[in-house]
Visitor: 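Below is a structure I'd like to ask you about.
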Number of protein chains: 2
Amino acid sequence: MKETRRHTRQLKVVWDAVKDETSHPTADQIYEKVRATMPNISLGTVYRNLQKLVGEKKLKVMTLGRTQHFDPMVDRHDHFICERCNRVYDIFVNSRKKIRPPFLSRRGFKVTSHQLALYGLCKSCAE
Amino acid sequence: MKETRRHTRQLKVVWDAVKDETSHPTADQIYEKVRATMPNISLGTVYRNLQKLVGEKKLKVMTLGRTQHFDPMVDRHDHFICERCNRVYDIFVNSRKKIRPPFLSRRGFKVTSHQLALYGLCKSCAE
DNA sequence: TTTGATGCAAATCATTTGCATGGGT
DNA sequence: ACCCATGCAAATGATTTGCATCAAA
């Protein structure tokens, strides 16, 4: 039961398409971007490679509505989500503080990570 | 353009089915529960009434994977999500503190709410 | 050569929607 | 009576999957 990983052209192209993204693209947006380089890659392959990258912890998934958005794992950050335009902004709130509520550990729960999302109106929508 | 609200039997039955739930049921689970009382209610109606309750801020939606879970709005609380069994636990972390990072207001962003989720292993899965 | 990865299309799953009819007001 | 809400079924949208073939190793 060993995990084999082949370095395919399509895996590389998908990774190249997301690794510097700050716009939290969807699988479909990544698909469109990748098609510029590799016109007949299939959407299924994009999905499979995104999953693989998530499994390798190189990407994080965030679900908005029922659509997944992919976010390269850089430094730990949180999100501000505009309730009007639905844009997602990366923000840094107490980024290095771990949240480990004592009542949880007392009850035998192990906290490994957390995700904070703030909601409101972004600058362009507020004015 | 006024919001009309009719008090239908099905709206009441759906609300009764969720209002005291602490198990974060899905639309389908609510549908099944409601069918005990009203066997030929339709799934579409359950969805429509859940939306309505969300619009009235009586329910909150949380998406896990690609499925929505409904949570009656009681006191502000956060969530612990077990990464093994996917159960959702309500927790209370600094429940009355508002998070309003100064750098956001400085940039003209208006924060109205936030949501914190902790991830890890729950008691039963950890041992 | 071996066998994991791909492209394609069909399948799945949650949710939404169009439409004729029913039931609050 | 008016017209919003319902039941039903078909439609939608995102994601997954089966399978024959391709291409890393």
Side-chain angles (χ1 to χ4, degrees), chain A residues 1-18 21 23-56 58-71 81 86 88, chain B residues 1-18 21 23-56 58-71 81 86 88:
Chain A
M1 188 165 286
K2 59 178 306 230
E3 284 292 310
T4 321
R5 38 199 77 236
R6 287 183 182 180
H7 301 108
T8 62
R9 284 192 314 129
Q10 14 296 75
L11 174 59
K12 178 177 182 349
V13 172
V14 168
W15 173 240
D16 286 345
V18 273
E21 274 294 343
S23 66
H24 312 84
T26 61
D28 215 76
Q29 292 168 331
I30 295 160
Y31 173 58
E32 287 307 332
K33 183 170 178 186
V34 155
R35 263 146 68 78
T37 313
M38 190 180 282
N40 48 7
I41 192 172
S42 77
L43 181 56
T45 296
V46 171
Y47 271 102
R48 279 182 286 230
N49 282 317
L50 288 172
Q51 278 174 188
K52 182 171 310 187
L53 293 167
V54 170
E56 292 170 4
K58 292 172 146 189
L59 290 182
K60 237 162 73 78
V61 190
M62 58 177 310
T63 308
L64 269 86
R66 70 198 54 69
T67 314
Q68 320 205 171
H69 294 243
F70 297 86
D71 201 10
I81 297 142
N86 289 309
V88 180
Chain B
M1 189 162 291
K2 59 176 306 225
E3 284 294 310
T4 320
R5 42 198 78 225
R6 286 183 180 179
H7 300 106
T8 62
R9 282 190 317 127
Q10 8 304 72
L11 175 58
K12 178 177 183 349
V13 172
V14 167
W15 172 240
D16 286 346
V18 273
E21 273 295 343
S23 66
H24 313 84
T26 62
D28 215 76
Q29 292 168 330
I30 296 160
Y31 173 59
E32 287 307 333
K33 183 170 178 186
V34 156
R35 263 146 67 78
T37 314
M38 189 180 282
N40 47 7
I41 193 172
S42 78
L43 182 55
T45 296
V46 171
Y47 271 102
R48 279 184 286 233
N49 282 317
L50 288 172
Q51 279 175 187
K52 182 170 310 185
L53 293 167
V54 170
E56 293 171 2
K58 291 174 147 186
L59 290 183
K60 239 163 72 82
V61 191
M62 58 177 312
T63 308
L64 268 85
R66 71 200 55 71
T67 314
Q68 321 205 171
H69 294 242
F70 298 86
D71 202 11
I81 296 142
N86 289 309
V88 180

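Residue numbers start from 1 in every chain, and the chains themselves are labelled A, B, ... in the order their sequence lines are given, proteins ahead of strands.
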Visitor: Measure from CG on D28(B) to P on dT16(C) and round the result to the nearest Å.
Guide: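 Going from CG in D28(B) over to P in dT16(C) covers 13 Å.
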
Visitor: How close or far is atom C1' of dG7(D) from atom CZ of R35(B), stated in whole angstroms?
Guide: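 My rounded result for the distance is 13 Å.
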
Visitor: Here's a test of your reading of the structure: between Q68(B) and T45(A), which maps to the more 5' nucleotide of DNA chain C?
Guide: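 The residue closer to the strand's 5' end, by nearest nucleotide, is T45(A).
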
Visitor: Kindly indicate whether the side chain of F70(A), heavy atoms from C-beta on, has any atom under 4.5 Å from the side chain of T26(A).
Guide: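 No, their side chains stay 4.5 Å or more apart.
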
Visitor: Check whether any side-chain N or O of Q51(B) sits under 4.0 Å from OP1 or OP2 of dT16(C), and answer yes or no.
Guide: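 Checking Q51(B) against dT16(C): at least one side-chain N or O falls below 4.0 Å of OP1 or OP2.
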
Visitor: Go through the structure and list residues passing side-chain hydrogen bond (donor to acceptor under 3.5 Å, both in side chains) with D28(A), not counting sequence neighbours.
Guide: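 So D28(A) forms no side-chain hydrogen bond (donor to acceptor under 3.5 Å, both in side chains) with any residue.
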
Visitor: Do side-chain atoms of H69(A) reach the backbone of H24(A) as a donor and acceptor pair under 3.5 angstrom?
Guide: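 Side chain of H69(A) to backbone of H24(A): a pair is present.
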
Visitor: What is the distance, to the nearest angstrom, from the NZ atom on K52(B) to the P atom on dC4(D)?
Guide: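 Checked: the NZ to P distance equals 11 Å.
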
Visitor: Just checking N40(A): base, sugar-phosphate only, or nothing, at a heavy-atom cut-off of under 4.0 Å?
Guide: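 Here N40(A) touches the backbone only, sparing every base.
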
Visitor: Is any side-chain heavy atom of I41(A) less than 4.5 Å from a side-chain heavy atom of R35(A)?
Guide: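 Yes, at least one pair of side-chain atoms sits under 4.5 Å.
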
Visitor: How would you summarise protein contacts on nucleotides 18-25 of chain C per nucleotide, using B for base, S for sugar-phosphate only and - for none, with heavy-atom distances below 4.0 Å?
Guide: B----BBS

Visitor: Select one nucleotide: of dG7(D), dG7(C), dT6(C), the one nearest the side-chain heavy atoms of I41(B).
Guide: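 The nucleotide sitting nearest to the side chain is dG7(D).
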
Visitor: Output the rounded distance in Å from CG (N49(A)) to C1' (dA24(D)).
Guide: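 Distance, rounded to whole Å: 14 Å.
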
Visitor: Using distance only, find each side-chain donor-acceptor pair of residues 42-50 of chain B under 3.5 Å and give its atom names and separation, not counting sequence neighbours.
Guide:
residue	atom	partner	partner atom	Å
S42(B)	OG	T45(B)	N	3.2
S42(B)	OG	T45(B)	OG1	3.1
N49(B)	ND2	T45(B)	O	3.3

Visitor: Please report, rounded to the nearest Å, how far the C1' atom of dA5(C) is from the CG atom of L50(A).
Guide: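 Whole-Å distance recorded here is 15 Å.
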
Visitor: Does some side-chain heavy atom of E21(A) sit less than 4.5 Å from a side-chain heavy atom of Q29(A)?
Guide: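 No, side chains not in contact.
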
Visitor: Whole angstroms only, please: what is the CG-C1' distance between L11(B) and dA5(D)?
Guide: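 After rounding, the gap between these two atoms is 10 Å.
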
Visitor: Closer than 4.0 Å, any side-chain N/O of R66(B) to the OP1 or OP2 of dG13(D)?
Guide: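 So the side-chain polar atoms of R66(B) never come under 4.0 Å of the phosphate oxygens OP1 or OP2 of dG13(D).
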
Visitor: After noting the C-alpha distance and the side-chain angles of V54(B) and K60(B), does the key distance pass the side-chain contact (heavy atoms from CB on, under 4.5 Å) rule?
Guide: CA-CA 6 Å; V54(B) 170; K60(B) 239 163 72 82; over 6 Å; no

Visitor: Counting only side-chain heavy atoms from C-beta out, which of dT15(C), dT6(C), dA5(C) sits nearest to T67(B)?
Guide: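 Taking heavy atoms from C-beta onward, the closest nucleotide is dT15(C).
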
Visitor: Roughly how many Å is it from OH in Y47(A) to P in dA9(C), rounded to a whole number?
Guide: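 Answer to the nearest Å: 17 Å.
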
Visitor: Taking atom C1' of dA14(C) as reference, at what distance in whole Å does atom CG of L64(B) sit?
Guide: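 Roughly 14 Å, once rounded to whole Å.
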
